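Read the numbers this way: they start at 1 and go in the same order the structure lists the ligands and their atoms. Since this is a predicted model, take the numbers as computed values, not measurements.
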Amino acid sequence: MNDTQTRRDFLRTGSIAGIGAIGVAGGLSTASAQRSASGVVGSPDAAVSIASGNGLQAVDRAVKRIRDGSDPVLGIVEGVGIVEADPNDMTVGYGGLPNERGVVQLDSSVMHGPTHKAGSVACIENIMHPAAVALKVLQTTDHVMIVGKGAYEFARAHGFPHEELLTERAREAWLRWKYKQSDRDDWLDPDQRDWDPAGEKVGLSVGDAGMEEPIPFTYGTIHCAAVNTSGDVSACTTTSGLSYKIPGRVGDSPIVGAGMYVDNEIGSAGATGRGEAVIQSCGSFAIVQAMGTGMSPTEACLHVLGQIVKNSKRQKRLMRDAKRPNFNVIVYALRKDGEHGSAAMFPGARYAVADGQGARHEPCASLFD
Ligand code: GLY
């Protein structure tokens, strides 16, 4: 496909010439073939956006913005901003679970296919929208990644407000986690306490009922990608990262090639779940490369999950048994022609999709039964 051809042209010719030119050797999958032949699966005029399961509103917003004429990168950053601002999502932005010191530290990266530019922030504190800050890095600097205090100061310089991101719900979850560490530190579990002034649960506003709640633990994240009718692809990943992490820990989300990656001639990929495993296999880069060799998005996702498991076998503590890991990773892929796929280690996961048929969840494939 040359630069003047649109994705609509690509879908219309539908075939080997177009496919070969973007390096996808394996031919069209069924879904793409249907799009080409009938002009449906949504509509060939529709933008397509995909996200992790918590991104239904994000994909809906991204597609609406793209239809209004926005660049896909602006649509997805605005879309994930809805989730970053949601206090009930404990995996991203405001309301995200804090690090082991009770401080919310956020990571995000953004990549713009047409320019192959990336921007990223890591360990940023007190800024609710790290994806928008990562986009500023991409747009306004010659850098790719800014971390910690520098990222905060960069955001403030661009007018992002200083905000307290630790919600009461996240603080209480963090306190419950602190108490459960009590066999190795001075934080006492309630049933280990021998004195409780005035019958109160010291420093814990949720009381006994709260103590019985499971302690939320997450690597959760939102990944979102979109392609417009010209075949221009962008992607973004944003997270509060591993809950109760060591301060300063950086996951895969802000690392270009791990938490997300775009090659505008092929498509995009992103990841959620155990970031350390994704980093050690360059997960998103590997998925895009696999699509470039002709695998469908779903095949590419499953292939790279297999690589992650193979690499994880070298660390026995990460394995549930000889074959299966004891952690999850979910990966997402969006091809330049609008075909998409997602896969998780285990069954039951869903991802969000918006196209000409509206926004919905679709099931992820799984590597293991
Ligand atoms: N995938 C998110 C993280 O590990 O931080």
Problem set entry | Close-contact set for ligand 1 against Gly273 heavy atoms, below 4.0 Å | 1 (N), 2 (C), 3 (C), 4 (O)
For this session: Apply salt bridge (charged side-chain N to carboxylate O under 4.0 Å, His left out) to Glu276 and Arg249, showing your working.
Result: CA-CA 10 Å; Glu276 282 72 8; Arg249 177 265 188 187; 2.8 Å; yes
Problem set entry | ligand 1 to Arg249 polar contact by distance, N or O atoms, under 3.5 Å | yes
Problem set entry | Any side-chain heavy-atom pair of Ile127 and Glu125 under 4.5 Å | no
Exercise. Does the side chain of Thr272 come under 3.5 Å of the side chain of Tyr332 through a donor N or O and an acceptor N or O?
Worked result: yes
Problem set entry | Sub-3.5 Å N/O-N/O distance, Ala271 and ligand 1 | no
Exercise. Is it the side chain, the backbone, both or neither of Thr221 that has a heavy atom closer than 4.0 Å to ligand 1?
Worked result: side chain
Problem set entry | Test of proximity, Gly241 against ligand 1: N or O pairs below 3.5 Å | no
Problem set entry | Distance filter under 4.0 Å to Leu242 heavy atoms, resulting ligand 1 atoms | 5 (O)
For this session: Verify side-chain hydrogen bond (donor to acceptor under 3.5 Å, both in side chains) between Glu84 and Thr238, making sure each step is shown before the conclusion.
Result: CA-CA 8 Å; Glu84 289 173 328; Thr238 178; 2.7 Å; yes
Exercise. For Phe327, is the NZ or CZ atom of Arg274 found under 6.0 angstrom from the centre of its six-membered ring and inside 45 degrees of the ring axis?
Worked result: yes
Exercise. Looking at Gly251, which atoms of ligand 1 are within less than 4.0 Å of one of its heavy atoms?
Worked result: 5 (O)
Seminar exercise, completed: The side chain to side chain contact (heavy atoms under 4.5 Å, CB included) partner of His112 among Leu135, Val73, Val233 is Val73
Seminar exercise, completed: Test side chain to side chain contact (heavy atoms under 4.5 Å, CB included), reference Cys224, set Leu334, Val110, Ile76, output is Ile76
Exercise. Should you measure from each heavy atom of Asp252, which atoms of ligand 1 turn up under 4.0 Å away?
Worked result: 1 (N), 2 (C), 3 (C), 4 (O)
For this session: Select one of side chain, backbone, both or neither to describe which atoms of Lys245 lie under 4.0 Å from any atom of ligand 1, heavy atoms only.
Result: neither
